[in-house]
Protein chains: 2
Amino acid sequence: VSVTAAAGFRAAGVAAGIKSDGQLDCAVVATVSGQPVVAAGCFTTHATPAAPVVVSRRHLAQSRQRVAGVVVNSGNANAATGPAGEEEAERTAGALAGLLGVAPEEVLVCSTGIIGVPLPPGRVAAALPSAVAGLDGGPEAARRAASAILTTDTHPKEVVVAGEGYVIGGMAKGAAMLSPRFATMLAVLTTDAVIDAAELADALQAAVASSFGRLSVDGCQSTNDTVLCLASGQGRPADSTFPAALRRACQHLARQMALDAEGATRLVVSRAVGAATPEDAERAARAVADNALVKAACWGGDPNWGRVVAAVGAAGVRLDPGRLSVRYGARLATGVAGRAPAAEVDPRVIGPGPEAEPREDEVWVDVAAGGIARPRDAGAEVRLATVMGARELLIEVGLGVGEHGAEILSADLSPEYVRMNGTPS
Amino acid sequence: VSVTAAAGFRAAGVAAGIKSDGQLDCAVVATVSGQPVVAAGCFTTHATPAAPVVVSRRHLAQSRQRVAGVVVNSGNANAATGPAGEEEAERTAGALAGLLGVAPEEVLVCSTGIIGVPLPPGRVAAALPSAVAGLDGGPEAARRAASAILTTDTHPKEVVVAGEGYVIGGMAKGAAMLSPRFATMLAVLTTDAVIDAAELADALQAAVASSFGRLSVDGCQSTNDTVLCLASGQGRPADSTFPAALRRACQHLARQMALDAEGATRLVVSRAVGAATPEDAERAARAVADNALVKAACWGGDPNWGRVVAAVGAAGVRLDPGRLSVRYGARLATGVAGRAPAAEVDPRVIGPGPEAEPREDEVWVDVAAGGIARPRDAGAEVRLATVMGARELLIEVGLGVGEHGAEILSADLSPEYVRMNGTPS
């Protein structure tokens, strides 16, 4: 399931020869009817967006948010490729449009992979006839599509949210160059809800802000980030629950990305509380999430809270040095550091609501209060060792000046991340 | 030599028992006369400065910039230690003041090491009698002092600049938590120039801004950064060459820090040119210098210029995507990546002027122009391989919109950096 779960959509994943070794590297998501439906998109704010971002943004405007299909290729970002890159993105869109019998602007394109290398001309377009022939509404096709968009991800990322009379399905990829200002990744979502273009755009923007926009794996913003949502209108009208359900779908995908980040052995939730403003809370949480020394300590399971204090103190936020506090926590159900949490990885149908808080599997240890170290008894030492061994680590810093809070999802920084990114691809 | 090169200063380094294994961990720099002289200081802008920063800043104000001695301990930052930490810093200053026969505010204190762990009460003070007994104006004592302030640095950092009738000497430490907003490290400089307090403060601030302030190893600002300069007045009056000579001394120390950064195998000079404003140039250079993916590629010797484009495009600066250019260069005299450049490490007497540009040992290869990859012939490929193997790598990105430029010094990101910082100390 995932992008084919909502009524009216089909998908395919094929090998177009962009990646070597015949790996899947081209996904198509299209309506069953072949006709355009309501769509919305969120794109990177990068100053040098990739060619597919430029083309998809233009197509969405030209088609007045009506889209019949999406082509995603992995293995090459078609970024920093100049006018030739843009022509290539248009050629790909035109090829799928021709096969579906719609206008070129009713097709969107996404690319992910290496930057600055020209996409081999016509190679993606040449793979589209077989992709379209293989379009299917079943779970296998959705899984192949979700697999075809991966780069250094180790497994597909899929989600299905069962709403009130409608379904939202989605797939995503993202393993590095995941960062602030939504940044981040590619995701394609589909729904059968009946919704107009403006409502869908608003709901998508809000969902992205509180999911992918709160994810920062390495502080590196991408040239290609794109989140698309297509709505077939074959289910019931989107009611007041729809925005929350879409947010839930995006949050579930964002969480899978953090768990599968390049070289990551842990998911790290950085939380700031006691901030004077929501902006200060987010800035402080980001400062902890992006701090190389904190991230390296997370990898090593070192409860070095002094680095957390150093990170927020450099963040330019209001805080009271004499009231700073730090807690480390873990969600034990996510498992042990370094091992893939199988239950989180499987696509599964989830409810539309937010996760309940507090979670029963959370364990917390206070390590600093009043700006200085907090003494720990033997029991606290045992709990701290358990926490620092967990797959999902929570770091909460209290600024001691207000009532606002924020959370940022990230991952630890491992030697493997450096090795993966230091080796020419 | 170094801090004892200028007339009127002596130094000592002893083991106070803050570090384990009897390593040198306490340095004292004092006037030969034991009497206070003109001094200036630059301190971290961190919101939770360490106790020694609070105390030294207060002492400089109370003494009207008159200082007789400085105590530096390594192995413990005395940061996030609350009022008890401040009392301990005062106790250390008071102990040296008593031994020298001056007022407590005529002594400054610096600490570097782990954050959040209380400094063992009285331990530094207890080591001061033997340190003062060992104060000496020779090169051996200066080297012991420079060694006693190190943490994860692998070698002492010293400099002597021979000015016009005056001498400036300095020592520094810094290996991680080296970052923007001056940030960075500890340095103690001495000079025999005759200069008043206001002039010295201005010269030091300017020198720091264009040296340590242009150094960003890991984007992590420290709680303890301090740069001090004491002027004995035993040489000639500081003339118009003094500010440049002080800058040269600071730049030389900053360069040694980047070369000896934690886990670093290369010095990386990130340079932005063609920027619309000086601020844009600095922001773009910092964005490249701090980008985890660029830094990992530097470690691996991968000329992945797409990441450089991605970094500046996310930096929020004006640029022309169709005129972006990237060049990789190297200074071959600095040696081969991963090997310590012996010539740079040795303390040596250098002239007061800036380094001449262009340097004859520089090799450059254009890898992108007009926003896209630039074809390379066989000769360019060979030159690029040489460049990517060098100990000192230069990355120049042209923004294509103006005439302004800036440079930031940094280091590569290695798996060893993560291992060093992921292991509880």
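Letters A, B, ... mirror the listed sequences (proteins, then strands); counts begin at 1.
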Task: Taking every non-hydrogen atom, the tightest pair across P321(A) and A47(B) - done: CG-O, 3.7 Å

TODO: Please report the closest heavy-atom contact between V418(B) and V418(A), naming both atoms and the distance.
DONE: CG2-CG2, 4.0 Å

Open item on the list: Which heavy atom of G422(B) sits nearest to which heavy atom of W299(A), and what is that distance?
Closed with: CA-CE3, 4.0 Å

Open item on the list: Does R283(B), at its CZ atom, have more than 12 non-hydrogen atoms belonging to other residues, nucleotides or ligands within less than 6.0 Å?
Closed with: no

Task: Flag if over 12 foreign heavy atoms under 6.0 Å of CZ, R374(B) - done: no

Open item on the list: Report which part of L319(A) has an atom under 4.5 Å of a heavy atom belonging to chain B: side chain, backbone, both, or neither.
Closed with: side chain

Task: Distance-minimising heavy-atom pair for I115(A) and G306(B) - done: CG2-CA, 3.6 Å

Task: Contacting moiety of A297(B), where chain A heavy atoms sit under 4.5 Å - done: both

Open item on the list: What part of A80(B) gets within 4.5 angstrom of chain A, counting heavy atoms only: side chain, backbone, both, or neither?
Closed with: both

Open item on the list: If the test is side-chain contact (heavy atoms from CB on, under 4.5 Å), which one of V312(B), D320(B), V309(B) qualifies with T48(A)?
Closed with: V309(B)

Task: Leading residue by heavy atom contact count with chain B [cutoff under 4.5 Å; candidates A50(A), G371(A), G82(A)] - done: G371(A)

Open item on the list: What's the separation between atom CE in M420(A) and atom CG in L293(B), rounded to the nearest 0.5 Å?
Closed with: 10.5 Å

Open item on the list: Check this for me: R419(A), atom CZ, are more than 12 non-hydrogen atoms of other residues, nucleotides or ligands nearer than 6.0 Å?
Closed with: yes

Open item on the list: For the interface with chain A, which of S414(B), G370(B), P49(B), G263(B) has the highest count of heavy-atom pairs at distances below 4.5 Å?
Closed with: S414(B)

Task: Which atom of G116(A) lies closest to which atom of A373(B), heavy atoms considered - done: O-CB, 3.7 Å

